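Just so it is clear, the model here is predicted, and its values are computed rather than measured.
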Amino acid sequence: QVQLVESGGGLVQAGGSLRLSCAASGRSRYAMGWFRQAPGKEREFVAVIKWSAGSAIYADSVKGRFTISGDNAKNTVYLQMNSLKPEDTAVYYCAATFGWSIRGSDYDYWGQGTQVTVSS
């Protein structure tokens, strides 16, 4: 059993930055990812990190702007978001999986989400 709690969301202007945190409790997982869901849109993949290696995959829409990282000592995964755009506005969710996937359906545990709003 795993519990995930996201934090760090908020309201920022376009071009600004935010860092999201995902605190995990329970057993570790092979990979942890970030997804987002905008109003009226389907959930979409943002980034995933392979915990043991630190390797990551990013959605094309965030490459060069977002960075996913992990801190084993704190059992926390971060999403550093720079150069934010209005289209980044969404609820951001942290998720954990035993696999290595960009498909939300492959993830076993989900947090409740944190709202990110980017104004133009």
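- Note that OH of Y93 is 12.0 Å distant from CH2 of W34, once rounded to the nearest 0.5 Å.
- Partners of D106 under the salt bridge (Lys or Arg N to Asp or Glu O under 4.0 Å) rule, at least two apart in sequence or in another chain, are R103.
- Contact check for M81 versus V116: side-chain heavy atoms found under the 4.5 Å cut-off.
- When the shell of 6.0 Å around NZ of K50 is examined, it contains more than 12 heavy atoms from other residues, nucleotides or ligands.
- In this structure, G33 and Y107 approach most closely via the heavy-atom pair N-CE2, 3.8 Å.
- Summarising the local packing, CD of Q115 is surrounded by more than 12 heavy atoms from other residues, nucleotides or ligands at distances under 6.0 Å.
- Note that the OH atom of Y109 and the OG atom of S25 stand 10.5 Å from one another [nearest 0.5 Å].
- Distance check: D108 CG to T97 OG1 gives 5.0 Å after rounding to the nearest 0.5 Å.
- Screening residues 2-21 for side-chain hydrogen bond (donor to acceptor under 3.5 Å, both in side chains) gives S17-N82 as the qualifying pairs, with residues at least two apart or on separate chains.
- Aromatic ring centres of F35 and W110 lie closer together than 6.0 Å.
- Interatomic distance, CG of L18 versus CG of D88, reported as 10.0 Å (0.5 Å rounding).
- Between A90 and A38, the shortest heavy-atom distance links the atoms CB-N, 3.8 Å.
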Validation: residues 53-60 side-chain donor-acceptor distances under 3.5 Å, sequence neighbours left out:
from, atom 1, to, atom 2, distance (Å)
Y58, OH, I68, N, 2.9
D60, OD1, K63, NZ, 3.0

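- For Q37, there are no side-chain hydrogen bond (donor to acceptor under 3.5 Å, both in side chains) partners at least two apart in sequence or on another chain.
- Linking Ile, Leu, Val, Met, Phe, Trp and Tyr residues whenever their side-chain heavy atoms come within less than 4.5 Å leaves Y78 and M32 in two separate clusters.
- Judged by distance alone, the side chain of T89 and the main-chain N or O of E87 form no donor-acceptor pair under 3.5 Å.
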If you look only at distance, which donor and acceptor atoms sit under 3.5 Å apart when one is on a side chain in residues 42-49 and the other is two or more places apart or in another chain?
from, atom 1, to, atom 2, distance (Å)
E44, OE2, R36, NE, 2.7
E44, OE2, R36, NH2, 3.2

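- Between Q80 and S69 there is no side-chain heavy-atom pair separated by less than 4.5 Å.
- A heavy-atom distance below 4.5 Å is not found between the side chains of L79 and V77.
- Looking at heavy atoms from C-beta onward, F66 lies out of side-chain contact with L20 at the 4.5 angstrom threshold.
- Residues satisfying the side-chain hydrogen bond (donor to acceptor under 3.5 Å, both in side chains) test with K85, not counting sequence neighbours, are none.
- Residues A14 and P86 come closest through the heavy atom pair CB-CD, 4.1 Å.
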